[in-house]
**Student:** 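Take a look at this one; I'll ask things after.
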Amino acid sequence: MKDYAVLWPAGDEPDPAAVREGLRRALVRLEPAERRLFTLRFLYEWSSAEIGRELHLTPGAVDARVSRLRKKLRPLLEEQGLGMQEKEEKG
């Protein structure tokens, strides 16, 4: 599964505090379970299997929830002047 990066408008040198604040404002609009999923997947970088064990879900159910989370998060980030882009796969 590919990871995503939070981005700011092209050509602008981001203020890390402003990026953090924009991300925080977007995340507070998520349900608590969605914030937990965001934390496990994108901050802790847990696999679907690891998240599934923690949340008592199948890896497929985790992937489906992550997909829905990305779709919900994208416009919330855009409202903050941020965006999401797939990262290059490591390897």
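Starting from 1, each residue takes its place in the sequence as its number.
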**Student:** Apply side chain to side chain contact (heavy atoms under 4.5 Å, CB included) to Val62 and Trp46, showing your working.
**Tutor:** CA-CA 11 Å; Val62 170; Trp46 284 14; over 6 Å; no

**Student:** Are Leu69 and Val28 connected in the hydrophobic side-chain network, where two residues link if heavy atoms are under 4.5 Å apart?
**Tutor:**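 Looking at the clustering, Val28 is in a separate group from Leu69.
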
**Student:** Does Arg35 have any side-chain hydrogen bond (donor to acceptor under 3.5 Å, both in side chains) partners at least two apart in sequence or in another chain, and if so, which?
**Tutor:**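 Counting only residues at least two positions away or on another chain, Arg35 forms no side-chain hydrogen bond (donor to acceptor under 3.5 Å, both in side chains).
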
**Student:** Determine the minimum heavy-atom distance between Arg25 and Arg29, stating which atoms define it.
**Tutor:**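 The pair with the smallest heavy-atom distance is O-CG, 3.6 Å.
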
**Student:** Identify the two heavy atoms, one from Val66 and one from Phe42, that lie closest to each other, and give their separation to 0.1 Å.
**Tutor:**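 Residues Val66 and Phe42, closest heavy atoms: CG1-CZ, 4.3 Å.
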
**Student:** Taking distance alone, no hydrogens or angles, what donor-acceptor pairs closer than 3.5 Å link side-chain atoms of residues 51-59 to residues at least two apart or in another chain?
**Tutor:**
{"unit_1": "Glu54", "atom_1": "OE2", "unit_2": "Arg36", "atom_2": "NH2", "d": "2.7"}
{"unit_1": "Thr58", "atom_1": "OG1", "unit_2": "Ala61", "atom_2": "N", "d": "3.0"}

**Student:** What closest approach, in Å, do Phe38 and Leu23 show between heavy atoms, and which atom pair accounts for it?
**Tutor:**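 What the structure gives for the nearest pair is CZ-CD1, 4.2 Å.
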
**Student:** Stepwise, does the side chain to side chain contact (heavy atoms under 4.5 Å, CB included) test hold for Leu76 with Leu30?
**Tutor:** CA-CA 9 Å; Leu76 298 176; Leu30 298 175; 3.8 Å; yes

**Student:** Sequence neighbours left out, what passes salt bridge (charged side-chain N to carboxylate O under 4.0 Å, His left out) with Arg20? Give chain and number order.
**Tutor:**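 Partners of Arg20 by the salt bridge (charged side-chain N to carboxylate O under 4.0 Å, His left out) criterion come out as none, since no residue qualifies.
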
**Student:** Who passes side-chain hydrogen bond (donor to acceptor under 3.5 Å, both in side chains) against Ser47, sequence neighbours left out?
**Tutor:**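 So Ser47 forms a side-chain hydrogen bond (donor to acceptor under 3.5 Å, both in side chains) with Glu50.
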
**Student:** Do you know which two heavy atoms are closest between Ser48 and Arg41, and how far apart they sit?
**Tutor:**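 Scanning both residues completely, I find the closest heavy atoms to be OG-NH2, 2.8 Å.
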
**Student:** Could you go through Glu34 and Leu73, starting from their C-alpha distance and side-chain angles, then the distance that decides it, and tell me whether this counts as side chain to side chain contact (heavy atoms under 4.5 Å, CB included)?
**Tutor:** CA-CA 10 Å; Glu34 293 169 325; Leu73 192 54; over 6 Å; no

**Student:** Quick check for you: to the nearest 0.5 Å, what is the distance between Leu27 atom CG and Leu77 atom CG?
**Tutor:**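 Atom-to-atom, Leu27:CG and Leu77:CG are 7.5 Å apart.
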
**Student:** Would you call Glu78-Arg74 a salt bridge at under 4.0 Å N-O?
**Tutor:**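 Answer for the salt bridge query: no.
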
